Amino acid sequence: MPLPNINLRIDACGKRVQAITNEHGVAKANIGNCAEARLHINSKLYQDKDTTIKTTVKDIRITLIPKTYYLRDVEVKAFRPIAKGNAEKTVYTVDTRSFLKDTKANEALRFLPRIESDGTAFKILGKQANARLQVDGVEASLDELRSLNATDIERVEVKEIDANDNANSSGVINIIRKKRERPKFYGSSRNTLNLVYTSLMTYNSINYQSPKWELNATAGLIYNKPELTNNVTRSYSNGNANETMHEDRCFEGPQGGGLLKLGFYPSEKLSVILRGVYNLNATNIKQHITDFDNHSVELRSKDKIETYGTLLNTFYNITNTNRLLLKASYIDYSYSYRDKLGTRTRYESDMREYGVSLKSENEKIDWLGGNVSLGWKSTWRQNGTQSTDWSTYSVHQLYIDHSRSIGKHFSLYSILKGETDNLRRRQSYYFLPSARINYSMGKYGSLSANYQRTITRPSIDYMNEDTLMISKNETLVGNTALGVQHNDALSLSYSKQIKAAYLSPTDFNATTYSNLGRSDYASLSLNWTQRLCEGRMNASLILTGDYTNYDIAPAFADRTLMLPSQGFGCYGMLNFNYRTKRSWVYSFWGTYHPNNYGFNTLSHQHPLFRASVSKNFFHDRLGFSIVAMNSLRYFTTSRTTTHFANMHQTSLQKTHYNDLQINITWNFGKQFREHKAAEGFGNDDIELKQ
């Protein structure tokens with residue numbers, strides 16, 4: 001059988017070169033015009049080999065004999081390969097031994113190195129924006145991760161740069177599922193009751209997998225009634241007396257949605273995936289405001305955000321080294337706001353988006369020495385508001401990316417992307433290159449650096465010609481002249497897998513949006529991940545220090561009341577999970593972000609934590625858990641300071657964020673199959689000691 005990852009040392013004509021076999025057991029080396037070469041192979045698993053080969057023979061086959069050990073004399077350590085990667089992506093394995101068997105993917109991803117998550121949002125360590133989620137290369141929502149069992153994950157691929165990224169994305173997290181040779185059907189119904197304030201939630205999912213078909217359906221509904229208290233103080237630099245405002249706000253309304261995903265795999269070459277989604281967020285808002293002039297105001301309003309769409313993905317393997325991907329999508333987004341006490345305030349906006357993309361992935365391109373992907377993507381969008389007709393614009397993108405290895409330690413991934421749009425009724429062109437280089441230091445870790453130029457286009461609600469009234473003291477004024485914004489990101493990162501655990505097997509109330517200036521952000525992050533108690537305990541700690549600076553363009557310096565902010569901040573997150581031998585699971589999540597800088601704001605947040613106790617009964621059919629979420633105070637309190645030209649405004653908010661939840665989950669369908677202890681290990685992850 002072919003033996004991958006075998007190191008060879010070749011001596012020829014006074015020179016020494018190194019080579020390593022690929023997945024087909026083949027190694028190539030350039031030794032010039034030497035007629036003979038001395039070959040030496042030293043491996044932990046196979047007997048040493050020293051031989052002389054003739055270079056005139058093109059295909060030389062070497063046979064290795066396994067080493068023979070007696071078990072009583074050998075200690076076997078198999079280190080779990082948590083992370084392996086190159087410049088294009090980092091591949092992680094998921095350790096599920098500290099979880100219950102029905103734990104979902106969104107919880108398991110919290111403990112992967114360099115992924116920052118509280119179980120709901122996911123970021124790549126050291127980046128501000130959320131990452132895009134995928135399952136088997138297809139865009140996925142958080143609901144899809146909540147319905148996917150962690151034991152069904154084969155590996156997780158993380159890309160820090162991608163051709164479809166923009167400034168609002170920190171990369172791609174792609175979950176690759178295990179293939180099922182036999183049909184599998186499972187699902188769950190989770191129901192939650194909050195004992196602190198009125199909150200009910202139900203979430204239901206059904207999954208079916210067979211070699212040719214796949215079905216995933218989810219449906220969820222949340223009803224809650226949180227309350228918020230806001231005290232605002234304005235202090236003026238010109239000596240005017242301070243002004244205060246008090247606000248009590250109550251939110252009430254249903255939130256819910258559903259997903260239906262159908263996959264068809266008629267052959268190993270063809271895959272067709274169709275997905276439909278729907279989401280609704282409707283809220284009734286009651287506000288009682290004691291205004292800055294000490295007048296009492298009662299407001300009642302209702303807003304609604306509704307989104308639905310479809311997505312079609314087709315994958316076709318033309319050959320073993322070439323794959324074609326075709327994607328078509330449609331999204332409809334609508335937002336409405338109205339004042340329930342009168343007709344003086346009403347706002348509506350809609351957005352329809354059509355997209356199509358075609359991508360060709362090619363491996364082993366000889367003239368480029370690596371893998372190449374060529375892609376084309378087009379998007380057509382229609383925007384509309386209550387006072388304007390529909391406006392249409394389109395975005396077209398063409399890109400090529402290239403990944404290759406350079407020697408034994410270096411790897412390179414580059415993207416050349418061009419875009420064009422007619423956003424403001426004129427054609428504009430943009431060149432957006434990206435590059436990432438990675439240096440592997442073996443057991444000492446890896447060092448990487450990347451540059452990425454991305455683009456952000458304004459959303460429909462920022463370009464509207466209407467005034468969107470949030471409250472008596474907060475309005476948004478649109479700007480139809482808004483254009484695109486570019487973002488240049490340069491980052492340097494270091495990661496290392498520490499093998500410490502082993503396995504035995506003038507109007508201060510109105511904001512006008514415009515491209516006012518620029519922002520600079522730099523951060524230094526540290527992630528520590530450890531597994532203890534034979535893998536039943538997981539601990540992960542993230543510490544980040546950052547610097548943020550905002551600048552106003554000179555053309556706007558005298559036309560805005562806002563004063564940009566700058567300063568240093570820090571951030572910390574702790575994740576902990578422990579499963580007892582009787583399968584009680586104790587989890588803890590805590591986060592602290594004291595200083596959070598915005599354009600002209602500085603927010604202070606008290607620490608938050610979430611603790612839970614979980615247990616399954618009746619062979620994992622019935623799950624029960626108690627979840628407590630709190631801050632160091634009874635209320636979740638935050639303080640926000642906003643800087644204006646001649647006034648500072650401080651807002652102190654108290655939210656009934658504290659939760660005490662009881663969750664009851666009913667699991668049905670086929671039970672899980674256990675995995676072999678050594679599944680997924682390579683030769684480099686095994687140590688033998690006599």
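This one's a predicted model, so the numbers in the text were calculated from it and none came from an experiment. Sequential numbering from 1 along the given sequence is applied to the chain's residues.
Not a single donor-acceptor pair under 3.5 Å links the side chain of N224 to the backbone N or O of P226. For N207 (side chain) and S147 (main-chain N/O), a donor-acceptor pair under 3.5 Å exists by modelled atom type. K127 contributes a side-chain N or O that, together with a main-chain N or O of E160, makes up a donor-acceptor pair within less than 3.5 Å. Side-chain atoms of R155 do not come within 3.5 Å of backbone N or O of I176 as any donor-acceptor pair. Looking at N174, its side chain does come within 3.5 Å of a backbone N or O of G137 through a donor-acceptor pair.
Scanning both residues, T93 and L112, for their nearest heavy atoms gives O-CD2, 3.4 Å. The two residues L145 and A140 make their nearest non-hydrogen contact at CD1-CB, 4.4 Å.
How far NE2 of H396 is from OG of S357: 13.5 Å, rounded to the nearest 0.5 Å. The CG atom of N204 sits 10.0 Å away from the CG atom of L221 when rounded to the nearest 0.5 Å. In this structure, CG on L312 lies 9.5 Å from CD1 on I273, to the nearest 0.5 angstrom. How far CD of E88 is from CG of N438: 11.5 Å, rounded to the nearest 0.5 Å. Taken to the nearest 0.5 Å, the OG atom of S411 stands 12.0 Å off from the NZ atom of K89. Here the CZ atom belonging to R436 is positioned 3.5 Å from the OG atom belonging to S448, to the nearest 0.5 angstrom.
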Report task. Apply ring-ring contact (aromatic ring centres under 6.0 Å, His included) to the pair Y592 and F609, showing each step before the final yes or no. Result -> CA-CA 9 Å; Y592 184 41; F609 69 85; over 10 Å; no

Report task. Any chance you could lay out the side chain to side chain contact (heavy atoms under 4.5 Å, CB included) test for R275 and E144, step after step, and finish with the verdict? Result -> CA-CA 11 Å; R275 190 183 69 174; E144 195 166 344; 3.6 Å; yes

**Report entry** From CA spacing to verdict: side-chain hydrogen bond (donor to acceptor under 3.5 Å, both in side chains), Y333, E306
**Finding:** CA-CA 6 Å; Y333 159 88; E306 195 172 16; over 6 Å; no

Query raised in the report: Can you check side chain to side chain contact (heavy atoms under 4.5 Å, CB included) on F431 and E419, steps first, answer last?
Result: CA-CA 7 Å; F431 178 58; E419 287 190 1; over 6 Å; no

Report task. Show the numbers, then the answer: is there a side chain to side chain contact (heavy atoms under 4.5 Å, CB included) between Y413 and N371? Result -> CA-CA 9 Å; Y413 181 59; N371 300 334; over 6 Å; no

**Report entry** Test side chain to side chain contact (heavy atoms under 4.5 Å, CB included) applied to N86 and S405, step by step
**Finding:** CA-CA 8 Å; N86 50 30; S405 298; 5.7 Å; no

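Using a 4.5 Å cut-off on side-chain heavy atoms (C-beta onward), Y335 and D303 make contact.
Between K184 and D152 there is a salt bridge, since a side-chain N of the basic residue sits under 4.0 Å from a carboxylate O of the acidic one. The pair E139-K327 meets the salt-bridge criterion, with a side-chain N (NZ, NE, NH1 or NH2) lying under 4.0 Å from an Asp/Glu carboxylate O. Salt bridge absent: R177 and E154 never bring a charged side-chain N and a carboxylate O closer than 4.0 Å. A salt bridge does not link K159 to E157: none of the charged side-chain nitrogens sits closer than 4.0 Å to a carboxylate oxygen.
Remark: H604 engages no residue in a ring pair (Phe, Tyr, Trp, His ring centres under 6.0 Å) (not counting sequence neighbours). Remark: W376 pairs with no residue by the ring pair (Phe, Tyr, Trp, His ring centres under 6.0 Å) rule, at least two apart or across chains. Under the rule for a salt bridge (charged side-chain N to carboxylate O under 4.0 Å, His left out), the partners of D421 that lie at least two apart in sequence or sit in another chain are R457.
Side-chain contact of R110 with N575: a donor-acceptor pair under 3.5 Å is present, judged by distance alone. Neither side chain, D143 nor T218, offers a donor N or O lying under 3.5 Å from an acceptor on the other.
Around OH of Y265, the count of heavy atoms belonging to other residues, nucleotides or ligands within 6.0 Å exceeds 12.
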